[in-house]
Each structure stands twice: as structure tokens, then as C-alpha cells.
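Just so we're clear, the structure is a prediction, and the values are computed from it rather than from any experiment. As the structure lists them, so they are numbered: ligands from 1, and atoms in each ligand from 1. Values reported hereafter were calculated over all heavy atoms of this structure, with side chains retained and with hydrogens, waters and symmetry mates removed. Just so you know, residue 1 is the first one in the sequence shown, and it goes up from there.
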Amino acid sequence: MPLRLLLVVLVLAVATVEADDEQRSTYIVHMSQSSMPPEYASHGEWYGASLRSVSSGSGGGVGGGAKMLYAYDTVLHGFSARLTSREARDLSCASGVVAVNPEVRYELHTTRTPEFLGLDGAAAQGLFPQSGSGAGDVVVGVLDTGVWPESKSYDDAGMGEVPKWWKGECEAGTGFNASACNRKLIGARFFNKGYEAAMGPMDTDRESRSPRDDDGHGTHTSSTAAGAAVPGASLFGEFAAGTARGMAPGARVAAYKVCWLGGCFSSDILAGLDAAVADGCGVLSLSLGGGAADYARDSVAIGAFAATEKGVLVSCSAGNSGPGPSTLSNVAPWITTVGAGTLDRDFPAYVSLGNGNNYTGVSLYAGKALPHTPLPMVYAANASNSTAGNLCMPGTLIPSKVAGKIVVCDRGVSARVQKGLVVRDAGGAGMVLSNTAANGQELVADAHLLPAAGVGEREGAAIKSYVASDPHPTATVVVAGTQVGVHPSPVVAAFSSRGPNIVTPEILKPDVIAPGVNILAAWTGRAGPTGLAADTRRVSFNIISGTSMSCPHVSGLAALLRGARPEWSPAAVRSALMTTAYSTYQQSSSSPLLDAATGGAATPFDYGAGHVDPAKALDPGLVYDLSTRDYVDFLCALKYSPAMIAAVTRSRDQYACADNKTYSVGDLNYPSFSVAYSTANGDDSAGTTTTVTHTRTLTNVGGPGTYKVATSVGVKGVDVAVRPAELDFASVGAKKSYTVTFTAKSQPSGTTGFGRLVWSDGKHDVASPVAFTWT
Ligand SMILES: *[C@@H]1O[C@H](CO)[C@@H](O)[C@H](O)[C@H]1NC(C)=O
Ligand SMILES: *[C@@H]1O[C@H](CO)[C@@H](O)[C@H](O)[C@H]1NC(C)=O
Ligand SMILES: *[C@@H]1O[C@H](CO)[C@@H](O)[C@H](O)[C@H]1NC(C)=O
Ligand SMILES: *[C@@H]1O[C@H](CO)[C@@H](O)[C@H](O)[C@H]1NC(C)=O
Ligand SMILES: *[C@@H]1O[C@H](CO)[C@@H](O)[C@H](O)[C@H]1NC(C)=O
């Protein structure tokens, strides 16, 4: 299955604990640097000795049988190694070892955007200074499938010299020369040791042992974040024609290839993060994820913690496991977690039935059109020898029943474009791909290999009902190109992963949504637009969808903000993006953003603070700032053990929790509120009243002013009180604290409710979403 079509899949523990103790798998070993005995000259020497002390058997590795893959020294103190389960156990008891965690495999989560975001206006151009060689020079590090350096999106015309502080490299390898980098693409590296240790040597006919992108995903994400403006870009010369441009066209790109055809392994991801932070990236973009795990075992969370401590903003995709609740990944509060919404652009295709009805769907099919005369139609479930025949899985369609027909397939399980290939290979003439309840009315366009249209659940049901009731059903499918000005937009994508946050219910995630449906950006020359092996077409730009695509939009915006406001911390940048995001339609502030899955109003569990609004984010008035100590206090509030805290923070000594202090998760100075009530003891009878108080501190970044608070709550029986209700800021940099008390009557378990808290000086609205859950 093409990587980009996968959403956050379950965390797959790559370590296979076999009865046979000789079976080795990869472990991440966290060391306490300050515990190094004096006889060692370097940490590397100490790590090697620790490994040798537990190693059994013989082998090529420095530790005898146990082979070290990477030594880490920036985002983690320690190393990764191939160990038997016994060696891992022994090592976890060795002196100076903080934690030994099995490696986890992560999956990738798979141009009109600048206009849609209001970045094209002259005003916005004046607001965001061009990146030069000064303090505003920001490098976006993209940990992904690598890069296709020949793409025009990496043209460095007009870019200043590479900053002197940059320590990155352009690593040569298979099909990739060190000269591939320039003043736009200033770094390209690859991390394959964990991948090849777990999966065996890679097939070099299919993938390149170098930063070269064999998949397309990494080229798409990095060009979305910071690609140069490319006039005349389109898919097949037909779709989304116009100037393709990254969010931060003046920023630099550094590609860290940590994802391979077999997935993204945490030992490689950590090595990529280690290098990216040491190299000098200011923003890191990760469109990948595993399942939700506690922060002490989540490599992305661990790497992101150190990055944030060093002033690097880390933006991650929320996952594509929606629309069900609690489907998020990358939920650590120091990560900016990005969900996906639609643009105001569509790629319509019309399905006209023999009964005269005409339905609108989407398509990016660009080949020979179907005849204008109607063709016979069949529902795949009735042309298959499989019980799940409606899904058009490989080898399930009976050629004699589909030959020359338009076949109706249901979405689900296999890749959408692969279903088209199955229909084509069985002799079908065209396909109507029907959404099911899981996708509702969300239309994701694909560059199908045969004439095809994707339709919403409602249209699909009507089409299937016609096919079932008419003895000779017929249809035509017409692909109509690009349509702009689609309303309403944005709509939350059905696939976008949703809250509540199951790791820490008191932190509302995702943080924001950004464009992630039908996004045009640069592509690899090594794969077709569908990513299928059978797809021999080659394109310079491709249109794909996913929170993988929304994440780099926010990474690029963060780079713009960092360039314009270099003094802001990563938390301040995120706060600015969150408190200025919109959750109602700009045309009509009383209409909440819609959810493609239900057609109804979306909630903060779907969009967090809302959809990003870059021009406003530049001038938020106030920010909720956070320091490393605040995040450690948060871990203390979660009752993390000293070893777990050390695994996240790399230090036992610097970041201990005080015995005599009361920590509260709700007091983390986050720009949103999530109040998790428990209907304790099964007593959810009305009348029990629970009070929860959160403390927050606002920092002025906009100039002197008096801010007044307003709250609104859309759930009965909940009262919100803010003290004080007015905050006076004398100057930029001034900090003022307030408390907010939520008093709620007990509600049945499973109840959710939402509200909003807004500080306003008449010029800036500093808005926070509030979510309530009763469990
Ligand atoms: C790398 O450089 C060599 C020598 O200049 C050249 O022949 C080759 O085509 C280059 N390869 C790529 C992928 O650019
Ligand atoms: C179906 O509707 C679209 C949009 O209204 C229109 O352009 C197209 O001609 C219609 N097709 C038929 C066969 O009526
Ligand atoms: C189903 O039909 C396909 C196509 O005719 C055939 O290749 C496959 O073997 C069949 N499978 C079963 C289980 O009959
Ligand atoms: C599928 O076949 C069954 C049995 O012949 C028929 O009742 C049903 O209407 C067909 N469904 C569709 C969607 O064609
Ligand atoms: C907590 O203990 C530390 C160390 O003993 C001490 O410095 C600090 O004042 C104490 N804080 C409180 C609130 O008692």
C-alpha cells in the first residue's frame, strides 16, 4: 500500500520477542550522561562498554553480538542497538541506564493554498519580511521520504548565501550527488540503519540508499512548507493550474530521509531529529506518527522535547484515522498537532445516470475520456466472488461481469486508486467510487488510472439504489477540471484524526487545522501520481490529501512567524497560530465550521482552536508562553517517575519534581482548555457539582492595552468564572495571570460540551477553545 495513503496505523512494536533469545531486535537505550564513570574518555566509549558488558554470543558489532546502530547526543543521550530480549533486560539494570525501549515503527500520514490562507495579498507580503541572511533566516527540517532535488520547487534564485551557523550536510548516496543541494535545499541526509537492521538490506532497484525521494511524499511535504514559487504548475497540465508556492518561500529546506518503503523506524527518526536539531533547523515538520503512547516511550515526543528546549518548533500531523473519536497521534503538549481541512477548490466530475439524474463527484483522471453514450453499470458486490466484493479488492472482480461497464465500488480498506486499477484490470470501462458512512460527504480527488469519479455517501446510495432497481442501468462519467470558490470551506476532513486526547485528556488536541485535502505540490520522478507500481506516468506536481499535507502548511507558517518574530519561543508561535485561528466561517461568524464526516457542525475535538489565519497570527496581541520547566511540571503532574522524566528530558538532575509541590495538569499554560470530569463511582445522578480551576499567564506581544474577558459555553449546567475579568498590560513583555473556574453539574458518562474564552482589547481577540468531557 503506498505509504502516503496510510494514516496513523497502530504502533507496531518492531521488536519481536521470540522464545529464542538469540533473535535480535532494535532497542533505544537512554543513558544518564552525568552517571558516566571517570575512566571513560567519551560518552561513545562508555556506551560501547555498556553494550559489551551485556552482549552474549559473537557478531560483527562493537558490542560483540549486540550491534550498536546509532549513538545520539542532541535530542537523546544514549544509543540504539540490536539486542536480544535478555541483553535488553540486563542492560536496563546496568548502571547509568535510564530506560531501554523497544523500537517502534511509525507510518507516514498522507495550489491555491497561499491564496486561500490570505498570504497572497500585498499586505501579507509586507507583513512577512523576506528571509535573508540575517536573524530571519529559518530552516525547515522535514523528516520524511527524502527529496527530489531536481524539482523547480527547490530553485534557489534570489536566495541569499547559506547562513554561516548552518551545520547541515548534503550527503551523497545512490543517485544523489552532494552537489544536489543549493541555497534553497541546504541539507539532505538519510538514516537507514534501523530500517535495514529490522527489514534486511533494502532492494536498491526499488529504493535509493541516499536522500533521494523514491516515494514522492517527502518532496510534496517539503515543497508545501518552503518550496519556491513555480509558475505554471499543475497536475497533468489540467488540474489546479497556477503558481505553486510553499507557505514560506523565503525559508530554506533541509531533508532528513527517515522513512523508507517499509516504514519509518524510531531509531532512524531519532537519528534524524538528533541531526536536524544539531544542524540548526528552526522548525521541524513530521508528517508521520505511531499510535498514542506515553511520552517516555514515544520517540517523536522525546525528540521533540529536546528540540523545543533548544527553541525549535516541532509541527506534526494529527493522523488520518478519523472520523472516530480518540484517534490522534503526536499529542505531546510541546508538539504542534495539525489536523486537516478542505480548500475552496474542487475537481468536479459528473455521473449522469440512465434515469436522467446527474450527480457531482470528484476526479483527477486525465486520460482518454469515456464515450458520451451511456455505458452499462454494475455494483461490484454483484460482480464478485468475494463477500466483500463491494470494496474492489485485488482478484475479486469477475471479468465477464464487469467487462466494458462502469463499476460502482465502495471506499474502504484498500487504496482508492488501487480499486480503479482492479476495475481496469478486470476489463471495466470506468468506476464510481462511493463513500461510506466513514467518509460521509468528503471528496478526496485521485489521479485514477481509468475514468472514475469519487462521490459522497448520499450520492453513492442513490446511484446504488438506481443500479439495484433498474434492469439495465447505464451511466456516463465526465471529468470537468478545476473549480474554485467552493463554499463552504474549509470543512474538517473526515479522515482527520479527532480528540479527545487519550494520552492526556486535559490537553485539547489537535491544536489547529490547515489545508490537507487535494493539495498540489512537487513530486518525485521515481513514482507515478498514484504511487502504484502499475502507474508509469511521471509528473512534476501531484495532488494528494492527508494530515501529512496539512502539517507542512503549519510548519511553513511557523517558519514565516519565526522569521518575522525571531524573539518568540516555539510555544509563543503556536499560541499565536491557535488564538487567532477561526472556528466559524469568515463570511458569517455565527456558522460553525462544518465536519465532512457528518455534514454538521464540527467541534474543538475536530479542529482544536480552529483553522489557521496567518495574517492574524502575526499580531496576536497576547500569547500563552511555555518554558521547558513548565513541560517538566506537566510531567510531574502526570506522576511520571524520575526515570520516565529522564527518558523524556535527558536529565535526572536538572528536572526533578519537588516533593512539597502540588502539580496540576490543568495548569500547563496551554492556549486551550480541556476539562475532563469523571463521573466517579458510577454516580452520574444530577446534583453532584464539581469545580475545576485552571491558572493561565498571558504575555503581551502587541503593546500596552487593557483586555477584557468574555466566555460562552454551549452546555447546560456548566458555569465559567474568570478572575480577574480585566487585565491591564503596561508594556510589551508584561505578564498577567488569571484563573478560570469551571463549575459543572455531573452529566452522564460520554457527554461532551464546548465553549470559548476570549480576551479582547477591541483590536485583538485572543481566543481559546474549551472542551468538557464526562467519563
Ligand atoms: C552525479 O554527478 C555525476 C558526475 O558529475 C554525474 O555523472 C551524475 O549524473 C550525477 N548524478 C545525479 C543523480 O545527479
Ligand atoms: C450534470 O451537471 C453538471 C453541473 O450542473 C453539468 O455541467 C453537466 O452538463 C450535467 N450533465 C448532464 C449529462 O446533464
Ligand atoms: C475470484 O475471481 C477471480 C477472477 O475471476 C479469480 O482470479 C479468483 O481466483 C476467484 N477467487 C475465488 C475464491 O474464487
Ligand atoms: C445485486 O444482486 C441482487 C441479487 O441478484 C439484487 O437483488 C440486488 O438488487 C443487486 N444489487 C445491486 C446494487 O445491483
Ligand atoms: C520545597 O522544598 C524546597 C527544598 O527543600 C524548598 O527550597 C522550598 O522552599 C519548598 N517549597 C515549599 C513551597 O515549601
Side-chain angles (χ1 to χ4, degrees), residues 145-156 169-190 192 202 204-216 218-219 222 238-239 253 255 257 344-366 369-377 405-406 408 429-434 441 443 445 451-456 458-463 466-467 470 472-487 522-527 538 540:
T145 60
V147 64
W148 189 259
E150 293 79 10
S151 168
K152 288 195 181 117
S153 292
Y154 308 107
D155 189 333
D156 67 355
E169 287 171 38
C170 199
E171 279 180 4
T174 319
F176 198 96
N177 288 335
S179 58
C181 294
N182 59 18
R183 291 177 176 195
K184 162 61 77 180
L185 178 67
I186 66 171
R189 308 179 67 163
F190 64 103
N192 59 317
M202 68 180 74
T204 47
D205 288 340
R206 293 182 64 226
E207 51 188 333
S208 315
R209 201 179 276 118
S210 76
R212 184 161 293 282
D213 181 6
D214 303 304
D215 178 272
T219 299
S222 61
E238 277 186 39
F239 299 104
V253 175
K257 182 174 176 182
D344 63 342
R345 177 182 67 196
D346 221 336
F347 303 98
Y350 304 109
V351 181
S352 305
L353 305 181
N355 65 5
N357 287 347
N358 183 5
Y359 298 97
T360 303
V362 291
S363 188
L364 295 171
Y365 171 73
L370 285 178
H372 282 293
T373 49
L375 293 175
M377 223 182 175
K405 295 182 185 167
I406 292 173
V408 183
M431 173 175 73
V432 172
L433 182 58
S434 171
Q441 293 303 113
L443 294 176
V455 298
R458 267 200 312 275
E459 291 76 6
I463 293 167
Y466 160 72
V467 174
D470 194 297
H472 301 289
T474 62
T476 61
V477 173
V478 176
V479 178
T482 307
Q483 183 190 349
V484 295
V486 174
H487 291 293
W523 200 243
T524 176
R526 287 265 299 191
R538 291 296 176 262
S540 305

Contact between Glu238 and Val479 at the side-chain level, heavy atoms closer than 4.5 Å - yes or no?
no
Does ligand 1 have any N/O pairs with the protein under 3.5 Å, and how far apart?
| unit_1 | atom_1 | unit_2 | atom_2 | d |
| --- | --- | --- | --- | --- |
| ligand 1 | 2 (O) | Asn177 | ND2 | 2.3 |
| ligand 1 | 11 (N) | Asn177 | ND2 | 2.9 |
| ligand 1 | 14 (O) | Asn177 | ND2 | 3.4 |

When you compare the side chain of Pro149 with that of Arg212, does any pair of heavy atoms fall below 4.5 Å?
yes
Counting each atom of ligand 2 from 1 as listed, which ones have a heavy atom of Ser352 under 4.0 Å away?
11 (N), 12 (C), 13 (C)
Any Trp148 side-chain heavy atom under 4.5 Å of Arg526 side chain:
yes
Side-chain contact test, heavy atoms from C-beta onward, threshold under 4.5 Å: evaluate it for Asp470 versus Leu353 and give yes or no.
no
Heavy atoms from other residues, nucleotides or ligands near CZ of Arg538 exceed 12 (cutoff 6.0 Å):
yes
Hits for side-chain contact (heavy atoms from CB on, under 4.5 Å) against Val362, two or more places apart or cross-chain, chain-then-number order -> Asp346, Leu443, Ala445
Check: Asn358 N/O within less than 3.5 Å of ligand 2 N/O
yes
Are any non-hydrogen side-chain atoms of Phe239 and Thr482 less than 4.5 angstrom apart?
yes
